[in-house]
Protein chains: 2
Amino acid sequence: MRTLQKIDYSSETEQLAKFAKALGHPVRLVILKHLSTQSCCYTGDLVEILPLAQSTISQHLKELKDAGLIQGEVNPPKIRYCIDKENWDKAKHMFAELFKEDFNKISCC
Amino acid sequence: MRTLQKIDYSSETEQLAKFAKALGHPVRLVILKHLSTQSCCYTGDLVEILPLAQSTISQHLKELKDAGLIQGEVNPPKIRYCIDKENWDKAKHMFAELFKEDFNKISCC
DNA sequence: ATAGTTAATCGCAAATATACGATTAATATT
DNA sequence: AATATTAATCGTATATTTGCGATTAACTAT
């Protein structure tokens, strides 16, 4: 009995939720952190870092890619992943916007 | 055959993933946005704003509360919700930290 | 052509998330 | 005491996520 009504949120909200969801798993955060320290790009020998099956890691990479946070560049037979700068920036700004309110000024609670 | 290995991430990573996960649903973003505009606290007549069952909204509120992003104050027979300033701030900083790298400097890709 | 390497994808199992209506709990009002 | 109001919780159905091994696809090197 799921989803009787199809709610439509602003595309803003939809987009931010998508980013947040992609960031909502520790493995994916580790991957992103790795990508950011590893001067830039990197390929899937995350398999050596993480105690997970290759297929599982591939799936997480796919999710990050679908969310637009990373991009893969074929470099046969490997694939180089790197942060998708444009969307990363977008996410950065959207989160900054979300958190911009300073609730210290507010009276109650 | 799930989770053969119990991976332990840094508590940092674990915490950020938890925040992100809580933010990873449009309904919860709408709730937070509402809480932030509504001078401060607010009660569950989100039910009137969102086309969702009361129980569903209650569940989303619980998730936000479990993540530490909001807090509820009993005010019988209502409950006033508001942003949990301390954790909100924590989340704000953690996301800022995550996004601080500026990938424009980086060569490849 | 054959074998090797890398990574995506498929099929499956189990866990978790999302939504609902119904019920319950807590309190206020009559 | 009886009723009304508000919101949590329970039970349930379905969808999605997470993980795995096995297979496939794409390309290299022999």
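Note on naming: letters A, B, ... go to the chains in the order of the sequence lines (proteins, then strands), and numbering restarts at 1 for each one. Because the structure is a prediction, the values reported are computed rather than measured.
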Look at [X] and [N] and indicate whether a side-chain polar atom (N or O) is within less than 4.0 Å of OP1 or OP2.
X: Lys21(A); N: dT17(D); result: yes
X: Lys62(A); N: dA7(C); result: no
X: His60(A); N: dT17(D); result: no

Nearest-Å distance for atom pair [atom1]/[atom2], residues [X] and [N]:
X: Leu52(A); N: dT18(D); atom1: CG; atom2: P; answer: 12 Å
X: Leu46(A); N: dT6(C); atom1: CG; atom2: C1'; answer: 13 Å
X: Asp66(B); N: dT16(C); atom1: CG; atom2: C1'; answer: 14 Å
X: Glu63(B); N: dT9(D); atom1: CD; atom2: C1'; answer: 14 Å
X: Leu50(B); N: dT18(C); atom1: CG; atom2: C1'; answer: 14 Å

- request: Check whether any side-chain N or O of His34(A) sits under 3.5 Å from a backbone N or O of Val30(A) as a donor-acceptor pair, and report yes or no.
  value: no
Under a 4.0 Å heavy-atom cutoff, the residues of residues 22-31 of chain B touching DNA chain C are His25(B), Arg28(B)
The criterion is side chain to side chain donor-acceptor pair (under 3.5 Å); which residues satisfy it with Glu97(A), sequence neighbours excluded?
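Listed in chain order: Lys100(A).
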Rounded to the nearest 0.5 Å, what's the gap from [atom1] on [X] to [atom2] on [Y]? Could you check?
X: Ile70(B); Y: Tyr81(B); atom1: CD1; atom2: OH; value: 6.0 Å
X: Asn87(B); Y: Gln15(B); atom1: CG; atom2: CD; value: 6.5 Å
X: Phe95(A); Y: Lys92(B); atom1: CZ; atom2: NZ; value: 14.5 Å
X: Asp84(B); Y: Leu35(B); atom1: CG; atom2: CG; value: 11.5 Å

Below 3.5 Å, can you tabulate the donor-acceptor pairs from side chains in residues 55-66 of chain B to any protein atom, sequence neighbours excluded?
residue	atom	partner	partner atom	Å
His60(B)	ND1	Arg28(B)	NH1	2.9
Lys62(B)	NZ	Asp66(B)	OD2	3.3

Could you list, one pair per line, each protein nitrogen or oxygen that sits under 3.5 Å from a nitrogen or oxygen of nucleotides 5-8 of chain D, together with the distance?
residue	atom	partner	partner atom	Å
dA7(D)	OP1	Thr43(B)	OG1	2.0
dA7(D)	OP1	Gly44(B)	N	3.4
dA7(D)	OP1	Ile79(B)	N	3.4
dA8(D)	OP1	Tyr81(B)	OH	2.1
dA8(D)	OP2	Ser58(B)	OG	2.4
dA8(D)	O5'	Ser58(B)	OG	3.4
dA8(D)	N7	Gln54(B)	NE2	2.8
dA8(D)	N6	Gln54(B)	OE1	3.0

For Glu14(B), enumerate each residue passing the side chain to side chain contact (heavy atoms under 4.5 Å, CB included) test, keeping only those at least two apart in sequence or located in another chain.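 Glu14(B) satisfies side chain to side chain contact (heavy atoms under 4.5 Å, CB included) with Pro26(A), Tyr9(B) only.
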Side chain to side chain contact (heavy atoms under 4.5 Å, CB included) filter on Glu12(A), not counting sequence neighbours, yields Ser10(A), Met94(A)
